[in-house]
Amino acid sequence: MAKDTSIGIDIGSRYIKIVKLKKSGANIKIDDYIIHKLDFTPEESTSVDLKNKKIASVIKQLFKEHKLKQENMVSVLPEEAINIRFFTMPVLSEKSLKEAIFWGGMPEYIPFDLKDMVWDIQVSRWYRRKAELDADGKQKMDVTLIVAKKEMIASHLQLFEELNIVPDVLEAPSMAMANFLYFNLSQVEGKEGIAIINLGAKASSLNIIEGQTLRFNLDFPWAGDDLTLAIAQKLNLDCDNRSDVSSDLNVDIVQKTDANFDKADEIKRTLDFGGLINDPNGHSEQSEESQEIASPESTLSEENVVRNDEQIDKEILPQLEIKLKDLVRQVSGALKYYESRPDSKPVAKIYLSGGNSKLANLGIYLQAKLERNVEILDKPNPRLRISKKAELSDCLPILDIAIGAALRRLIQFKNTINLLPFEHLLQRKLKSKRSNVITIFCVLFLIILGGIWFKTKEKSNLKNELKIAREKLNTLTPQTKELIAMKNTMDKVSAFENELKNVNIGNKGNLQTYVEFCNMLPSNIWIEEYTIRNTGGIRIDGKVKSEFRSEIDELMFKCEGSKYFKGVQTASLIDTGGILDFSLARRDKSQAETSPVKGRE
């Protein structure tokens, strides 16, 4: 997958959320997204192995259906698997800090053993200004440490074994949420704190960021299922009360029936929580009747649930306010603690995300009780576009973590924490280098193969041309062959004469001598000088490689049978290191000689 495309996966307790992002300039497009509900059988619900196999099978099927490539992927770890700590300490380099933590040399900041943990750190803030220094004048820094048990990491990675891939990054949910919040609220400059409350089905979390930096994290056991189970109890509905749901309800009252649980959850989503803020003292108008409503003899039952929605609001909402007050208490206490710290900034706004953030007027209720500006995180940044026609605001609060995870591979964030175990990181780096080496080898192999193919084709073409030439030659008459041989001889003489620019052929006999000499001369002999006397004397000086020594004998043999060179003898033969210098001569009747002629053949 190209580097401008990434995939974020958020595996929740009820839904799998998968987002595919594509970067185009400064904009990010949601190329595809999936919200798939997980339906477990009773056996799968009680077995971690069976549940993981079901999730892995679902992920594999979703990747196949949506044609998602298994690269450049970020997976979000479960919230319960993560432990985040923030601490301030004297300035160290990140390398020295990691070495100190690895060898257990910082018990004052990390009071637990990291032996069976996967961990990573990030220096989130430096204090270098004079006003920010300690009393002793030393510089300091804020550090974020995130740890997870190795067994939890291994269990999460097993989900992707059927895809035969390892995610590029294992992200903490809080970090993914901070990534998304910073991108979606591009006007945030870190001058104020922004809080985001993720209201999940089985747990909730509060995260506060300043600029790009996660400054505070709190996971608390308030869940949307608490409201659903309270409604089920109130309506005397047998309901599926899973053991891992945070609830104080009597499990004998709330039975395991998925259909009834879904019905109670549907009722929850029809309630108007704004009806709980009528009383300025924090009590709803119906709160005085809550004891009577809570009794088993309540007139509200499964039979009249559908018929009387107004009666449902009137009787159920006060019961749910007990749960909501617990949420307000935990959030309010966390915000006060955060703002009381000397280096913290006031929280200007609270955003709601998660599946339960869309409950009718829940944001208005929390805004009234917390006395803070509260909004639902359902307004996408103009830079965040979507290719589907569906209304993104309806699912944005559910997809925020998956989007934040996928953004990690497309945008440069301060968040660099990756909980992928070291051996997997090393394996990915080696795999990447090995891929580069293989690619280079394949390119070189193709180049060599192309060269061999070209040479083979060239040789084949030459053979074909020779074959055609031989076939044509075989069809010629003896007279034509003789004419061709004579033409070749004349061409050779012409070429020879072009080399001998200073030659002055005295008579017709000398021309005939040149022709005969050209026909006799072997191809590997180099003639440096020869002299032809009008009285018949001849001297020829030349060179030849030692390996072609036999060609001198061949030339002598041809001279003996020739018309003009009969009687030529070897005057000298000297080996000068691989090259033979030779002279051939024939004495004449007089001492007069013509001008010397130099040339080569």
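Keep in mind that this is a model prediction, so the values were computed, not measured. Positions are given from 1 along the sequence.
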In Å and rounded to the nearest 0.5 Å, what is the [atom1] to [atom2] distance from [X] to [Y]?
{"X": "Asp400", "Y": "Leu181", "atom1": "CG", "atom2": "CG", "value": "9.0 Å"}
{"X": "Lys150", "Y": "Leu157", "atom1": "NZ", "atom2": "CG", "value": "13.0 Å"}
{"X": "Ile82", "Y": "Met175", "atom1": "CD1", "atom2": "CE", "value": "10.0 Å"}

Asp4 side chain to Lys22 main-chain N or O, any donor-acceptor pair under 3.5 Å?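 Not a single qualifying donor-acceptor pair exists.
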
Candidate pair Asp541 and Arg539, rule salt bridge (Lys or Arg N to Asp or Glu O under 4.0 Å), full reasoning: CA-CA 7 Å; Asp541 295 328; Arg539 182 177 175 85; 3.7 Å; yes

Decide, yes or no, whether a salt bridge links Asp32 with Lys67 under the criterion of side-chain N to carboxylate O below 4.0 Å.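 No, Asp32 and Lys67 are not salt-bridged.
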
Pairing of Glu210 and Arg215 as salt bridge, 4.0 angstrom limit: yes

Non-hydrogen side-chain atoms of Phe160 and Phe63 separated by less than 4.5 Å: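 A side-chain contact is absent here, since even the closest heavy-atom pair is not under 4.5 Å.
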
Above 12 or not: heavy atoms from other molecules or residues under 6.0 Å from NZ of Lys558? yes

Please walk me through it: do Asp168 and Arg409 pass salt bridge (Lys or Arg N to Asp or Glu O under 4.0 Å)? CA-CA 9 Å; Asp168 295 86; Arg409 301 293 291 175; 3.6 Å; yes

Closest heavy-atom pair and its distance - Gly578, Asp575: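 Shortest heavy-atom separation between Gly578 and Asp575 comes out as N-OD1, 3.3 Å.
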
For Glu551 and Ser523, which heavy atoms make the closest approach, and how far apart are they? OE1-N, 4.1 Å

By side-chain contact (heavy atoms from CB on, under 4.5 Å) - contacts of Lys566 (at least two apart):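 Lys566 satisfies side-chain contact (heavy atoms from CB on, under 4.5 Å) with Glu560 only.
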
Quick one: side-chain hydrogen bond (donor to acceptor under 3.5 Å, both in side chains) partners of Glu94, sequence neighbours excluded?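 Here no residue qualifies.
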
